[in-house]
Amino acid sequence: MALITGIASASVPNVNIYRNDRKFDRIDIDNNLTLTHALDDKDFVMRTPQGYEIPLAAIDSCLIRSMDVPAVYINLNDYPEATMLWDKELYLDATLSIEGNGLVDDLEATSLKIKGRGNSTWGMPKKPMRLKFSKKTKIGNLTKAKSYVLLANYIDPSLCRNAIMMWLADRLDIKYRNHYMPCDVYLNNHYIGSYLMTEKVGISSGSVDIDDTKGILFEMSVEFDEKYKFHTTHGDLPVMVKDPDFDELYEADPSITPEARMDIWETDFNSAEKESRGRHPFDAFDLSSFIDYILVCDICQNSEIGFPKSVYIYKKSLDEGEKYHVGPLWDFDACFNRKLLDNGQIIENSPTEGLWTNILFRQLMITEEFKQAYKARLQYFITDIYPDLLDFIDSYSRLIEASAKSNGTVWSNTQDFTWVFVESSFDYHEHIAELKDWIIRRIEYLIETKL
């Protein structure tokens with residue numbers, strides 16, 4: 001009998017064991033742990049002092065973590081048996097606690113309300129969620145706020161796409177950008193996968209920090225499912241009022257009805273859209289925010305802005321000289337090397353195709369003012385940011401590897417899921433390699449065609 005022994009120090013919180021059958025086991029470590037491999041005539045096994053045993057031939061990989069993504073525990077007060085949310089309209093009473101696992105501070109059990117969220121993502125098995133606290137609550141590295149969201153990233157086997165977008169926004173110093181915290185989520189102590197926690201987009205101190213009695217946050221989206229909405233006069237674009245809540249403003253100030261307020265803002269946006277077709281479009285739209293928005297979309301090949309979907313535009317007030325700013329950036333899980341299904345055929349998003357945009361954005365992009373400024377900003381990205389991008393992906397993927405593989409044991413391949421080819425995140429190294437290769441080819445394409 002041959003013995004091979006490995007020692008894990010007392011600071012190691014757990015050992016993650018991933019089996020070839022895509023099942024998962026975790027050994028929590030309270031004290032020093034000795035892992036002993038015993039070779040005899042019949043098998044080669046991993047054994048622990050606690051009596052755990054698994055044949056090594058059945059193990060895909062084993063990760064020992066001294067620091068891990070936070071564990072988020074959500075318990076539903078009235079539905080203790082639930083293992084996934086089922087309604088995106090109904091808020092449920094719940095408590096939330098966080099084990100920081102060496103990455104962020106712990107959070108003791110705190111009361112909140114929770115419901116489902118999302119449009120196309122809500123129709124997927126792994127549900128995204130919205131969290132609403134009664135007062136501003138600090139979570140990890142996120143901006144202290146009342147409202148947060150948990151992005152499921154169900155169709156992203158790398159679990160990196162939205163994080164990369166937010167990292168790019170940070171490096172470009174884009175105003176009102178989101179922050180991110182990867183985490184493992186447990187609903188009623190039932191593990192439901194790897195999520196990305198971030199601030200909810202809206203008018204608030206944690207997101208678009210403007211005066212909600214004076215400003216507006218529009219969302220251009222084909223869902224067209226908000227109460228106050230309109231189609232633009234010139235481009236027939238679907239525009240919805242994301243924030244503020246016109247009904248709440250009316251309760252506080254009855255001098256102007258929600259309908260009258262809607263008419264004012266609809267007229268103003270239509271006027272800006274008309275100006276986008278004139279000689280000085282950037283008198284109505286902020287050039288700098290638009291360039292950075294298009295640059296990130298271009299890098300990530302986010303052609304969903306062409307529908308459009310999840311396109312946010314805000315304006316601080318109706319005062320003279322104020323312009324519409326494009327942003328915040330949002331919803332990039334269907335970008336990069338995402339794969340679609342077309343009559344059973346798998347089609348990868350091409351890194352060598354132009355960016356599909358909506359009619360308003362195309363009008364702004366054909367101007368010489370935009371072209372010259374965009375070229376300079378792209379050159380800045382290539383010189384100052386791109387050298388760090390692949391390193392970020394390496395470090396981030398190392399951080400979430402155990403979480404991603406655990407997620408892959410719960411959410412297996414579902415290639416027949418409607419319009420998109422969904423892959424399990426279990427084969428994590430392969431997905432990261434594919435993502436990095438796609439990004440390299442994408443940047444080469446941008447250099448060849450835009451510089």
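Note that the structure is a prediction, hence the values are computed from the model and not measured. No hydrogens, no waters, no symmetry mates; every other heavy atom, side chains included, goes into these values.
- In this structure, K405 contributes its side chain and Y428 its backbone to no donor-acceptor pair below 3.5 Å.
- For K274, the NZ atom counts as loosely surrounded, since its 6.0 Å shell holds 12 or fewer non-hydrogen atoms of other residues, nucleotides or ligands.
- For the residue pair E99/S97, the side-chain donor-acceptor check at 3.5 Å is not satisfied.
- A donor-acceptor pair is defined here as one N or O able to donate and one able to accept, closer than 3.5 Å; no such pair exists between the side chain of N188 and the backbone of H190.
- Ion pairing of K138 with D105 is absent here, as no side-chain N (NZ or NE/NH1/NH2) approaches a carboxylate O to less than 4.0 Å.
- Within the 3.5 Å criterion, the main-chain N or O of E108 finds a donor-acceptor partner in the side chain of T110.
- The aromatic rings of F336 and W438 sit perpendicular to each other, their planes meeting at more than 60°, with 30° as the lower class boundary.
- Salt bridge annotation for K339-E434: present, with a cationic side-chain nitrogen under 4.0 angstrom from a carboxylate oxygen.
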Quick one, F290 with Y324, criterion ring pair (Phe, Tyr, Trp, His ring centres under 6.0 Å). Give me CA distance, side-chain angles, the key distance, then yes/no. CA-CA 9 Å; F290 182 66; Y324 282 99; over 10 Å; no
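- Taking H429 as the reference, nothing meets the ring-ring contact (aromatic ring centres under 6.0 Å, His included) condition, with sequence neighbours excluded.
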Residues I114, L76; criterion side-chain contact (heavy atoms from CB on, under 4.5 Å); working and verdict: CA-CA 9 Å; I114 183 171; L76 303 179; 3.7 Å; yes
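- Nearest heavy atoms, I291 versus A373: CD1-CB, 3.1 Å.
- What you find for S207 and V201 is that their closest heavy atoms are OG-CA, 3.5 Å.
- Of all the heavy atoms in R117 and W122, the pair that sits closest is O-CE3, 3.4 Å.
- Crowding of D209 atom CG: a count of heavy atoms from other residues, nucleotides or ligands under 6.0 Å exceeding 12.
- Looking only at distances, no side-chain donor or acceptor of D253 sits under 3.5 Å from a matching main-chain atom of L249.
- The aromatic rings of W411 and Y154 sit perpendicular, their planes meeting at an angle over 60°, well past the 30° parallel limit.
- Although no hydrogens or angles enter the test, the distance criterion places no donor-acceptor pair under 3.5 Å between the side chain of E199 and the main chain of L142.
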Is there a side-chain contact (heavy atoms from CB on, under 4.5 Å) between M165 and V296 once you walk through the steps? CA-CA 7 Å; M165 173 270 287; V296 175; 4.1 Å; yes
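- By the 6.0 Å and 45° rule, K229 stacks over the aromatic ring of F224.
- For the side chain to side chain contact (heavy atoms under 4.5 Å, CB included) with M129, the lone residue among L151, V149, I192, V72 that qualifies is I192.
- Annotation for K450: atom NZ counts as buried by contact number, over 12 foreign heavy atoms lying within 6.0 Å.
- Of all heavy-atom pairs between R161 and N337, the closest is NH2-OD1, 3.6 Å.
- Distance check: H325 NE2 to D286 CG gives 4.5 Å after rounding to the nearest 0.5 Å.
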Determine whether D331 and K309 satisfy the following criterion, salt bridge (Lys or Arg N to Asp or Glu O under 4.0 Å), listing intermediate values before the conclusion. CA-CA 9 Å; D331 193 11; K309 290 184 67 176; 5.5 Å; no
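- No donor-acceptor pair closer than 3.5 Å links the side chain of R338 to the backbone N or O of V420.
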Audit row: S194, I400, side-chain contact (heavy atoms from CB on, under 4.5 Å) steps and yes/no: CA-CA 9 Å; S194 179; I400 70 169; 5.5 Å; no
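- Side chains of Y180 and N162: a donor-acceptor N/O pair is absent below 3.5 angstrom, by distance only.
- Panel note: side chain S158, backbone H431; no donor-acceptor pair is recorded below 3.5 Å.
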side-chain contact (heavy atoms from CB on, under 4.5 Å) evaluation trace for F285 with F361: CA-CA 10 Å; F285 291 92; F361 285 7; over 6 Å; no
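- What you find for I164 and I439 is that their closest heavy atoms are CD1-CD1, 4.3 Å.
- T233 approaches N270 most closely through the heavy-atom pair N-OD1, 2.9 Å.
- For the 3.5 Å distance criterion, the side chains of D211 and T213 qualify, holding a donor opposite an acceptor.
- A salt bridge links D394 with K436: the distance from a Lys NZ or Arg NE/NH1/NH2 to an Asp or Glu carboxylate oxygen falls below 4.0 Å.
- Here the side chain of S350 pairs no donor or acceptor atom with the backbone of E348 at under 3.5 angstrom.
- Side-chain contact annotation: E369 with T367, donor-acceptor N/O pair under 3.5 Å absent.
- For NZ of K375, the number of neighbouring non-hydrogen atoms (other residues, nucleotides, ligands) closer than 6.0 Å is 12 at most.
- When the shell of 6.0 Å around NZ of K136 is examined, it contains 12 or fewer heavy atoms from other residues, nucleotides or ligands.
- Partner of Y314 under the ring pair (Phe, Tyr, Trp, His ring centres under 6.0 Å) criterion, out of W265, Y176, Y293, F269: Y176 alone.
- Here S310 contributes atom OG and E304 contributes atom CD; the two are 6.5 Å apart, rounded to the nearest 0.5 Å.
- A cation-pi arrangement is not found for K200 relative to Y148, the charged atom failing to lie both closer than 6.0 Å to the ring centre and inside a 45° cone about the ring normal.
- The only member of D170, T198, T143 that meets side chain to side chain donor-acceptor pair (under 3.5 Å) when paired with N178 is T198.
- Using modelled atom types, no side-chain atom of Y195 and backbone atom of N153 make a donor-acceptor pair closer than 3.5 Å.
- Judged by distance alone, the side chain of D212 and the main-chain N or O of I203 form no donor-acceptor pair under 3.5 Å.
- Aromatic ring orientation, F307 versus W356: perpendicular (interplanar angle above 60°, classes split at 30° and 60°).
- K126 and N407 share a donor-acceptor pair across their side chains, judged by distance under 3.5 Å alone.
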